[in-house]
Amino acid sequence: MKSEPEVFSFEDLLAAKGRRAFWDGVRNYQARNLMRDAMAPGDRVLFYHSNADPTGVAGLCEVVKGAQSDPTQFDPEDEHHDPRSDPLEPTWVGVTVRALAALPRFVTLADLKAEPRLAGMGCLARGNRLSVQPVTPKEWGIVIGLGGLAGKY
DNA sequence: GCCAACGTTGGC
DNA sequence: GCCAACGTTGGC
């Protein structure tokens with residue numbers, strides 16, 4: 001899952017109550033569908049800092065609660081307000097994640113690109129801008145290995 | 001359904 | 001700030 005650290009960083013998640021946060025603000029149907037249909041409590045998550053210096057994977061989380069209505073869609077004051085969303089059938093959802101551990105070594109995008117075993121990773125595909133996307137168990141193992149937590153999660 | 005215009009994402 | 005790539009909108 002990608003977040004701009006200036007908006008919400010992995011450190012912010014670590015500092016949050018219970019080290020957990022509701023992942024709001026997703027306004028892309030494909031990303032929404034992944035959260036709604038493909039994420040369940042216990043699933044592990046790589047927390048990626050986008051639009052940052054450097055960009056890359058900062059830490060590990062897990063899903064603690066599956067998809068729920070994203071309240072920001074109904075808040076006129078919120079930048080993610082969606083006036084077309086029906087409260088009885090909300091368009092947008094989010095999951096709740098909890099931080100597991102910061103990576104001892106931040107894994108930069110350059111690190112990911114330089115690792116031949118990650119050549120097929122979705123987030124490295126040309127033009128892929130999805131803020132939520134699947135990671136295979138194999139990719140997970142390689143990334144946390146690069147981050148200094150090989151075999152620990 | 002097509003497609004041009006526009007908006008957003010995100011690396012650099 | 002630039003720009004490539006992609007998504008969304010809306011006229012037709």
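When reading the values below, keep in mind they use all heavy atoms of this one structure, side chains included, and skip hydrogens, waters and symmetry mates. The sequence lines fix the lettering, A, B, ..., with proteins before strands; numbering per chain opens at 1.
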Sugar-phosphate only, base, or nothing, as touched by A:Arg27 at under 4.0 Å among non-hydrogen atoms: nothing

Flag side-chain contact, heavy atom, 4.5 Å: A:Lys113 against A:Leu124: yes

Per-nucleotide protein contact string for nucleotides 5-12 of chain B (B base, S sugar-phosphate only, - none; heavy atom under 4.0 Å): --BBBBBS

A:Ser9 and A:Asp12: side chain donor to acceptor below 3.5 Å: yes

Partners passing salt bridge (charged side-chain N to carboxylate O under 4.0 Å, His left out) against A:Arg27 (at least two apart in sequence or in another chain): A:Asp70

Contact nearer the 5' end of DNA chain C, comparing A:Arg84 with A:Arg126: A:Arg126

A:Phe47: partners by ring pair (Phe, Tyr, Trp, His ring centres under 6.0 Å), with sequence neighbours left out: A:Phe10, A:Trp23, A:His49

Expected output: side-chain A:Gln73 to main-chain A:Thr91 donor-acceptor under 3.5 Å: yes

